Amino acid sequence: MQRLDITEQAKTIVKQLKEKHGDLIFHQSGGCCDGSAPMIFERDDMYLDESDIHLGDIEGVPFYMNQDQFQYWKHTHLTIDITEGRGASFSLEIPLGIRFIIHSRLLTEEEDTYFNHK
């Protein structure tokens with residue numbers, strides 16, 4: 001079972017960014033700038049600590065979420081997508097005139113049991 005998914009349009013952008021920047025990392029915090037928008041960085045540009053939770057990989061890119069933010073999202077399945085418009089962050093897609101966004105749905109009972117009651 002997967003907690004994360006990605007749209008075809010977002011996959012294309014991730015592939016472009018990987019070709020240009022190498023190893024990448026997704027991170028979603030509840031902080032400033034774009035709030036809780038997923039952001040993508042060069043792997044070495046993102047400092048992770050014990051408050052970051054690895055939710056899975058998207059197109060070979062690890063996706064982390066701050067544990068405080070995860071408390072709001074732990075009962076949801078997340079799909080990474082893109083939308084037109086510049087975000088207010090340092091995420092690598094911003095110069096392309098787009099930004100990553102999250103679509104969510106509640107986990108099914110089976111998924112919730114699998115992810116949250118191990």
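This structure is a prediction, so every number in the text was calculated from the model and none was measured.
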Would you list the atom pairs, donor with acceptor, under 3.5 Å between side chains in residues 70-78 and any protein atom, with sequence neighbours excluded?
from, atom 1, to, atom 2, distance (Å)
Gln71, OE1, Lys74, NZ, 3.2
His75, ND1, Asp112, OD1, 2.6
Thr76, OG1, Trp73, O, 2.6

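- With sequence neighbours excluded, the residues forming a side chain to side chain donor-acceptor pair (under 3.5 Å) with Asp57 are His54, listed by chain and number.
- Linking Ile, Leu, Val, Met, Phe, Trp and Tyr whenever their side-chain heavy atoms come within less than 4.5 Å puts Leu92 and Ile80 in one cluster.
- Under the 4.5 Å side-chain heavy-atom criterion for grouping Ile, Leu, Val, Met, Phe, Trp and Tyr, Ile6 is connected to Leu4 within one hydrophobic cluster.
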Exercise. Between Leu96 and Ile82, does a side chain to side chain contact (heavy atoms under 4.5 Å, CB included) hold up when you go through it step by step?
Worked result: CA-CA 11 Å; Leu96 302 175; Ile82 57 169; over 6 Å; no

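- Counting heavy atoms from C-beta on, the side chains of Leu24 and Phe41 never come closer than 4.5 Å.
- Note on Ile102: it clusters hydrophobically with Leu55, by side-chain heavy-atom contacts below 4.5 Å among ILVMFWY residues.
- Ring geometry for Phe26 versus Phe63: interplanar angle of 30 to 60°, hence tilted.
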Sequence neighbours excluded and cut-off under 3.5 Å, please list the side-chain donor-acceptor pairs for residues 9-18, or say none.
from, atom 1, to, atom 2, distance (Å)
Lys11, NZ, Glu8, OE2, 3.2
Thr12, OG1, Glu8, O, 3.1
Lys18, NZ, Glu59, O, 2.8

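- Between the side chain of Asp52 and the main chain of Asp49, a donor-acceptor pair closer than 3.5 Å is present.
- At a threshold of 4.5 Å between non-hydrogen side-chain atoms, the residues Ile25 and Ile40 do not count as touching.
- Enclosure of atom CD in Gln2 is not indicated, since only 12 or fewer non-hydrogen atoms of other residues, nucleotides or ligands lie within 6.0 angstrom.
- Scanning for side chain to side chain donor-acceptor pair (under 3.5 Å) contacts around Asp44 gives an empty result, with sequence neighbours left out.
- In this structure, Leu48 is a member of the same hydrophobic cluster as Met39, with clusters built from ILVMFWY side-chain heavy atoms closer than 4.5 Å.
- Between atom CE of residue Met1 and atom OG1 of residue Thr113 there is a gap of 8.5 Å, rounded to the nearest 0.5 Å.
- You'll find the side chain of Thr83 reaches within 4.5 Å of the side chain of Arg99, heavy atoms only.
- At a threshold of 4.5 Å between side-chain heavy atoms, the hydrophobic network of Ile, Leu, Val, Met, Phe, Trp and Tyr places Met46 and Met65 in two separate groups.
- For the residue pair Ser91 / Glu93, a side-chain donor-acceptor distance below 3.5 Å is found, with atom types taken as modelled.
- Legend: residues meeting side chain to side chain donor-acceptor pair (under 3.5 Å) with Arg105, ordered by chain and number and at least two apart, are Glu111.
- Distance check, rounded to the nearest 0.5 Å: CD1 of Ile53 to OG of Ser51 gives 8.5 Å.
- Atoms CZ and CG, from Arg43 and Asp23 in turn, are 5.0 Å apart once rounded to the nearest 0.5 Å.
- Residues that satisfy the side chain to side chain donor-acceptor pair (under 3.5 Å) test with Glu42, not counting sequence neighbours, are His21.
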